[in-house]
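Below, each value reflects all heavy atoms present in this structure, side chains not excepted, and no hydrogens, waters or symmetry copies. Residue numbering restarts at 1 for every chain, and letters A, B, ... go by the order of the sequence lines. Quick caveat: nothing in here was measured; it's all calculated off a predicted structure.
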Protein chains: 2
Amino acid sequence: MKKPGKRAGEPSRAGNDRSTGQTTRYHHGDLSGALLSAARFILDRDGVSALGLRPVTRAAGVSHTAAAHHFGDLAGLLSELAATGLDELRAAIISAAGTPRLIAEAYVFYALRHPHMFELMFRSDLIDRTSPRYRNAASALFAMLAGSPEVSDHDGQKETDGYDSQDAARYTAAWGLVHGIAVLATDGRLDPLISRLREPMSREDLVRQAILSVPPFL
Amino acid sequence: MKKPGKRAGEPSRAGNDRSTGQTTRYHHGDLSGALLSAARFILDRDGVSALGLRPVTRAAGVSHTAAAHHFGDLAGLLSELAATGLDELRAAIISAAGTPRLIAEAYVFYALRHPHMFELMFRSDLIDRTSPRYRNAASALFAMLAGSPEVSDHDGQKETDGYDSQDAARYTAAWGLVHGIAVLATDGRLDPLISRLREPMSREDLVRQAILSVPPFL
DNA sequence: AAACAAATCTTTCCACTGGAAAGACATCCG
DNA sequence: CGGATGTCTTTCCAGTGGAAAGATTTGTTT
C-alpha cells in the first residue's frame with residue numbers, strides 16, 4: 001500500500017528549489033530562519049490573513065508540516081515573527097529617544113511604516129503570548145515605555161513596591177493614546193475624517209498634530 | 001447517481017429542532033434574525049474566533065449554506081452583527097451624554113462590558129466595511145463623537161468646508177485615547193501593569209484614572 | 001568503522017472551514 | 001389551478017492546521 005515512490009531524480013537532493021541555483025538538501029540548515037523571513041515577506045506583501053502554515057512553508061520550499069518541529073504550531077511561528085516586530089518597535093523608540101513626544105511619534109510612525117507587522121504584534125488570537133520569545137520582547141518594550149517601578153532602598157537591599165497609581169494611570173493614558181491612534185490610522189479609520197478636511201492633510205500630518213494636541217506632549 | 005434519500009420522517013417538518021418544542025418549518029420565517037441572535041450568543045460566549053458559518057447556522061438549526069441567501073457570505077452576517085454593536089455603543093454614549101469625560105468613560109466601559117463585540121466591531125478583516133448597514137452605523141457613531149463639521153451660512157444656503165485641522169487633530173487624539181485604552185484593556189494588555197500596582201486596582205478603576213489623568217478630560 | 005540514537009523533513013491522513021452549484025420545498029400571485 | 005419566486009438543503013470542492021508515521025540525514029558511542 002505504501003509506495004516508496006520518489007520519482008527518479010538525483011538521489012542526494014531532496015526538494016526542487018526555486019530561483020536560486022542552490023541544491024536544497026534534505027536538512028535545510030537554517031529552516032527556522034528561512035521560515036521566519038518567508039513569513040515576514042508574505043506578511044509585508046499580503047497582510048496577516050495570508051500568514052498560513054502552507055503558504056509560508058511553500059515559500060520556503062518545504063512541506064507544510066516542516067515548521068512543526070521548530071515552532072510547534074502556527075502560533076509558535078507567528079509569535080516569533082511578532083516578537084521581532086516588537087524588537088523593531090523598541091529599537092525605533094530607542095533611536096528616537098528623548099522627549100515623550102518623540103517617543104509617541106516613533107510608536108505611531110512605526111505602525112504606519114509596518115502596518116501588517118503592527119497588526120500581527122497585537123493579534124492575541126494568532127500568537128501565543130506566553131511564548132518566552134514574545135514575553136521577553138513585550139516586557140522589554142513596555143518596560144521602556146513605562147519605565148520600571150521605583151525601587152526603594154531598604155537597608156541596602158533594593159526592593160520595589162510596584163507602580164504608583166498615578167504613574168500607572170498616566171502610563172495607561174499615554175500608551176492608550178499612541179496605540180489607539182496607531183490602530184485607527186493603520187486600519188484606515190481616520191480616512192473618512194481626512195477626506196472631509198478643510199485643507200488637505202496626510203495621515204502622518206494628522207497623527208502628528210493629534211499627538212501635539214495633547215497637553216502632556218506639547 | 002442522486003439519491004432523493006431523506007430518511008423516513010414527518011413530511012411537513014424539516015429540521016430537527018433543539019430544546020424548544022416548536023416544529024421547525026422549511027421556511028423559517030425570520031432566519032436572518034435567528035442567525036443574528038445565534039451569532040450574538042456565540043460571540044458573547046466563545047469570542048470572535050468561534051463565529052464561523054457552520055457553528056452559527058448549526059445553532060440556528062439550519063444548513064450551513066442557509067445564511068448565504070440573506071447575508072451573502074460570512075462577512076455579510078458579521079457586518080450586520082458588528083453594526084448592532086456600533087448602535088449599542090452609540091446608545092451607551094448617548095445615555096451617558098454630557099461631559100467629554102463621561103463620553104470617554106462610556107466608550108471604554110462598553111468595550112469592557114462587551115469585549116468580544118467590541119473586538120468584532122473593529123475587525124476589518126472579518127467584516128465588510130462598505131456594507132450599507134455597517135457604514136451607516138459607523139458614520140452615525142463617529143459623527144456623534146466628533147460632531148459634524150461646522151456649517152457656514154452663505155446667503156441663507158448652508159454648506160460646509162469640512163473639518164478644521166485643529167478640530168480634526170483633537171478629535172483624532174480623543175478617539176485614539178479612548179479606543180486605545182479600550183483595546184489594551186479588553187485584550188488584557190494592562191494586566192501585567194495592574195498586577196504590579198502598589199495598591200490593588202481593578203481594570204475599571206485604572207482606565208477611569210487614566211482618562212482622568214488627561215487634562216482635557218479633567 | 002560500524003551501530004545505534006536523535007534530529008529533521010516528507011508523506012499521508014483527518015476533521016474542519018467557507019462557498020459554489022444545483023436540487024427540493026414552500027409560498028405567493030396570476 | 002399553475003407557474004414564478006423566494007427560501008432552504010444537499011452535494012461537492014478547494015482550502016486550512018495538525019497528528020501520526022515513515023524516510024533521511026546527522027551526531028554519538030562503542
Q: Identify whether any heavy atom of B:H70 sits under 4.0 Å from a base atom; if not, whether one sits that close to sugar-phosphate; answer base, sugar-phosphate or nothing.
A: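 Touches sugar-phosphate only.
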Q) Within a radius of less than 6.0 Å around CZ of B:R123, do more than 12 heavy atoms belonging to other residues, nucleotides or ligands occur? A)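 It does: B:R123 CZ has more than 12 such atoms within range.
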Q | Euclidean distance, A:L77 CG relative to A:L36 CG, rounded to 0.5 Å | A |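 The CG atom of A:L77 is 5.5 Å from CG of A:L36, to the nearest 0.5 Å.
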(Q) C:dT17, OP1 or OP2 - any side-chain N/O from B:R58 closer than 4.0 Å? (A)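 The answer is yes; a side-chain N or O of B:R58 sits under 4.0 Å from OP1 or OP2.
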Q | Short side-chain N/O contact to C:dT8 OP1/OP2 from A:H69, under 4.0 Å | A |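 Looking at the OP1 and OP2 atoms of C:dT8, one of them is under 4.0 Å from a side-chain N or O of A:H69.
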Quick check for you: among [options], whose closest atom lies nearest to any side-chain atom of [X]?
X	options	result
B:L31	D:dC8, D:dG18, C:dT11	D:dC8
A:P55	D:dG18, C:dG19, D:dT16	D:dT16
B:A66	D:dT11, D:dG18, D:dT9	D:dT9

Q | Atom-pair distance (CD1 on B:I127; P on C:dG18), nearest Å | A |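 B:I127 atom CD1 is separated from C:dG18 atom P by 17 Å.
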Q. Cut-off 3.5 Å, side chains only: do A:S202 and A:D205 have a donor facing an acceptor?
A.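 Note: A:S202 and A:D205 side chains meet the donor-acceptor criterion.
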Q. Does any N or O in the side chain of A:H179 come within less than 3.5 Å of the main-chain N or O of B:G180, such that one atom is a donor and the other an acceptor?
A.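 No, A:H179 side chain to B:G180 backbone: no donor-acceptor pair under 3.5 Å.
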Q) Side-chain donor or acceptor of A:R54 under 3.5 Å from a matching atom on the base of D:dG17? A)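 Answer yes: a donor N or O sits under 3.5 Å from an acceptor.
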